[in-house]
Amino acid sequence: MKEKNRKLTTASGKPYVEHENTMTVGPRGPVLIQDYIYHEKMAHFNRERIPERVVHAKGTGAFGTFTVTNDITKYTRAKLFSKVGNQCRVLIRFSTVGGEKGSADTERDPRGFALKFYTEDGNWDLVGNNTPVFFIKDPKKFDDFIHTQKRDPRTNLKSPTMMWDYWSLNPESLHQVMILMSDRGTPFGHRHMNGYGSHTFSMISKKNERVWVKFHFKTLQGIKNFTGPEAEEMRGKDPDFAQRDLVEAIDKKDFPKWALKIQVMTDEQAKNFPWNPFDLTKIWPHADFPLIDVGVMELNEVPKNYFAEIEQAAFAPAHVIDGISWSPDKMLQGRILSYPDAHRYRLGVNYEQIPVNKCPYAVNNYQRDGLMRVDGNGGSDPNYHPNSFDDIYADESYKESPMVLDSNIADWYNRNAPGDNDHYTQPGLLFTKAMSEQDRKNTINNIVGAMSGITGPKRDEIVNRQLCHFFRANVELGMAVAEGLGVKVDEKILQHA
Ligand code: NDP
């Protein structure tokens, strides 16, 4: 219960008598420097913004509950999954990727699907997207790729030329480009899309055996997307469509739900998989790796304060729990480093003490000091380990089986493993197998619309190079895009394809 008749005070607690008039000499001023209250108000206001996330800046989020509905204890010893019926609190942040904080929710873009599970064994973050794959498979390309999704350095405008130039020069992007260009690139808010952990992770069982795992969150609201023209219309009508849709649904108690499922791959299967099972541009076919039920997530609470709980939320693939672990996926390995690094820059080294990020269970370590240390800093307890005074220890029972790697050759050019350069089979299957006739039509229209924005002296070169990729995935697709762009398909393009 809030106390009644509370006094207005400075941040240091001094009651103040007046709120709207500066202290002046005479009724016409000037203003006295001793009006500290005025300085404090303005100085705080001037510092209200923290650095915008360099990607995923526009987002919305909610709290909810995750409930285990199926026994997967043969794969994982994670306490969360130890019993059907177990529950934990979750936080989700949905986002677009390339736009700034004020950009429109219905932009064609992948959507972030970042989750924090507050478990008794620590916070587990699954920081995924609404797509099962990504544009690149090596983290060293990330900054270059993202620059092409942001603004042109001279015009300060988004540039289809930069985007398609980069994609056409990086054919591994094709799979994600096709998903992006389908209507799944403009989902109808956040409730009607799937989420994917995207990377290959691993699970460790009680017997300390490791299997490779992919996580899928299937929307129980059903898939629903905007067509390209509908999304464009909504950008003008309500740029905050997805934020509004989520808040209104939860406020009406129409709680959105997703079914969590996993795919599991053994080491043996990984060795015989036709592609690199740790390649973020590839999926694992459902027929070979069927979805296994795990649980249900329900979102049922709008955060009380957006800045405190969503803007300051910090998710990181580095945050796993016992029984769930990483894989050699290069993108995952890169993100283990870059996400906490970004949070340290944006929120400070003690970002995990911010209430929304804080593990609600015991956290014991010897990290001390640093900017904005607000949790008592370990008090008078020892700040080094080992020591003769406390009983904090490293618990070896949590030790994982070692990850066995299949090579000991360190090199930059490790990219010619079997299937590594097949950028076309899976996009082809997406087009022929996963998409309906209507999906195919809309995808082609969206590609033609987006590629029509390519301009400048390199236009034909970029268009032709990208057309070759579409042809390699599927000839019908290549022909339809070429026709839409008014490009005559000559022998040269077909030969390259
Ligand atoms: P399946 O027919 O068993 O599965 C196809 C999957 O494609 C379904 O999960 C479906 O999701 C999803 N899908 C349908 N339309 C689109 C779209 N426009 N964009 C993204 N996903 C879509 O096939 P396979 O497992 O053999 O995979 C065939 C192709 O399907 C893959 O090459 C890949 O491109 C795509 N795909 C596969 C996924 C996987 O994990 N196996 C996941 C997502 C896509 P839903 O059930 O929600 O409608």
Side-chain angles (χ1 to χ4, degrees), residues 97 108-111 113 126 128-135 137 171-201 212-228 230-231 256-265 269-270 273-294 296-297 327 329 419 422-447 450 469-470 472-474 477 480-481:
V97 180
R108 181 171 303 286
D109 211 359
R111 301 294 187 270
F113 197 101
L126 195 57
N129 280 334
N130 69 330
T131 59
V133 293
F134 197 62
F135 299 94
K137 55 183 168 183
E172 72 200 42
S173 62
L174 185 66
H175 200 178
Q176 176 79 326
V177 168
M178 297 254 314
I179 295 176
L180 179 69
M181 291 296 145
S182 79
D183 286 343
R184 293 202 186 199
T186 48
F188 187 91
H190 300 309
R191 295 183 298 135
H192 292 278
M193 63 188 197
N194 294 335
Y196 302 88
S198 307
H199 298 288
T200 297
F201 290 86
W212 307 114
V213 174
K214 285 211 187 262
F215 295 97
H216 301 247
F217 285 87
K218 293 275 192 182
T219 172
L220 296 181
Q221 288 66 246
I223 295 279
K224 194 169 162 190
N225 302 304
F226 285 114
T227 61
E230 286 167 353
K257 296 186 183 65
W258 283 260
L260 171 61
K261 294 165 190 280
I262 52 171
Q263 288 177 292
V264 172
M265 186 187 272
Q269 288 172 313
F273 192 60
W275 300 283
N276 174 357
F278 310 116
D279 174 346
L280 186 54
T281 65
K282 304 288 188 303
I283 54 84
W284 299 353
H286 288 139
D288 303 329
F289 301 95
L291 295 175
I292 299 165
D293 288 327
V294 178
V296 173
M297 171 178 72
S327 81
D329 177 338
D422 172 9
H423 311 304
Y424 306 102
T425 305
Q426 293 198 355
L429 287 170
L430 173 68
F431 191 70
T432 54
K433 185 178 173 207
M435 287 187 186
S436 67
E437 187 56 35
Q438 191 61 49
D439 290 338
R440 282 194 278 271
K441 269 197 194 136
N442 292 4
T443 303
I444 290 162
N445 284 340
N446 293 334
I447 294 173
H469 300 315
F470 289 131
R472 284 180 192 136
N474 182 278
L477 166 69
V481 175

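Throughout, residue positions are numbered sequentially from 1 according to the sequence presented. In what follows, every heavy atom counts, from backbone to side chain, and hydrogens, waters and symmetry copies are set aside. Indexing begins at 1, ligand by ligand and atom by atom, following the structure's order.
- Contact annotation: the side chain of Met435 approaches that of Ser182 to within less than 4.5 Å [non-hydrogen atoms, C-beta and beyond].
- Ligand-side atoms of ligand 1 in range of His216: 40 (O), range being under 4.0 angstrom from any heavy atom.
- Heavy-atom contacts of His175 reach the following atoms of ligand 1: 32 (O), 33 (C), 34 (O) (cutoff under 4.0 Å).
- For ligand 1 and Trp284, the ligand atoms under 4.0 Å from any heavy atom of the residue are 39 (C), 40 (O), 41 (N).
- Of the candidates His286, Gln263, Met181, it is His286 that places a heavy atom closest to atom 25 (O) of ligand 1.
- When distances from atom 34 (O) of ligand 1 to the protein are checked, a heavy atom turns up under 4.0 Å.
- Shown here for Ile283 and Phe273, the closest heavy-atom pair between the two residues is O-CZ, 3.7 Å.
- Under the 4.0 angstrom criterion for non-hydrogen atoms, Ala287 is not in contact with ligand 1.
- Protein heavy atom in closest approach to atom 47 (O) of ligand 1: Asn194 ND2, 2.6 Å.
- Between Phe278 and Trp212, the ring planes lie perpendicular to each other; the angle is over 60°, past the 30° to 60° tilted range.
- Within the 4.5 Å cutoff, no side-chain heavy atoms of Trp258 are placed close to those of Leu260.
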Note to self: Apply side-chain hydrogen bond (donor to acceptor under 3.5 Å, both in side chains) to residues Asp439 and Ser436 and explain how you reach the verdict.
What the structure shows: CA-CA 5 Å; Asp439 290 338; Ser436 67; 3.2 Å; yes
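- Counting only heavy atoms from C-beta outward, the side chains of Val133 and Lys282 never approach each other to under 4.5 Å.
- Of the protein's non-hydrogen atoms, the one nearest atom 42 (C) of ligand 1 is Pro132 CG, 3.7 Å.
- Protein heavy atom at the shortest distance from atom 18 (N) of ligand 1 is Ser182 OG, 3.1 Å.
- Heavy-atom contacts of Lys218 reach the following atoms of ligand 1: 9 (O), 11 (O), 45 (P), 46 (O), 47 (O) (cutoff under 4.0 Å).
- Summarising the contacts of atom 48 (O) of ligand 1 with Arg184, Gln176, Met435, the nearest heavy atom is found in Arg184.
- Across all non-hydrogen atoms, the minimal contact from Asp183 to Thr227 is OD1-CA, 3.8 Å.
- Just one of Arg184, His216, Arg111 meets the side-chain contact (heavy atoms from CB on, under 4.5 Å) condition when paired with Asn194; it is Arg184.
- Ring geometry, Phe113 versus Phe217: the interplanar angle falls from 30° to 60°, so the pair is classed tilted.
- Less than 4.0 angstrom separates some heavy atom of Gln426 from each of these atoms of ligand 1: 32 (O), 34 (O).
- For Ile283, every heavy-atom contact with ligand 1 shorter than 4.0 Å involves the side chain, none the backbone.
- Looking only at side-chain heavy atoms (C-beta outward), His423 and Lys137 come within less than 4.5 Å of each other.
- Heavy atoms from both the backbone and the side chain of Ala434 come within less than 4.0 Å of ligand 1.
- Atoms of ligand 1 lying under 4.0 Å from at least one heavy atom of Lys433, given by number and element, are 2 (O), 23 (O), 24 (P), 26 (O).
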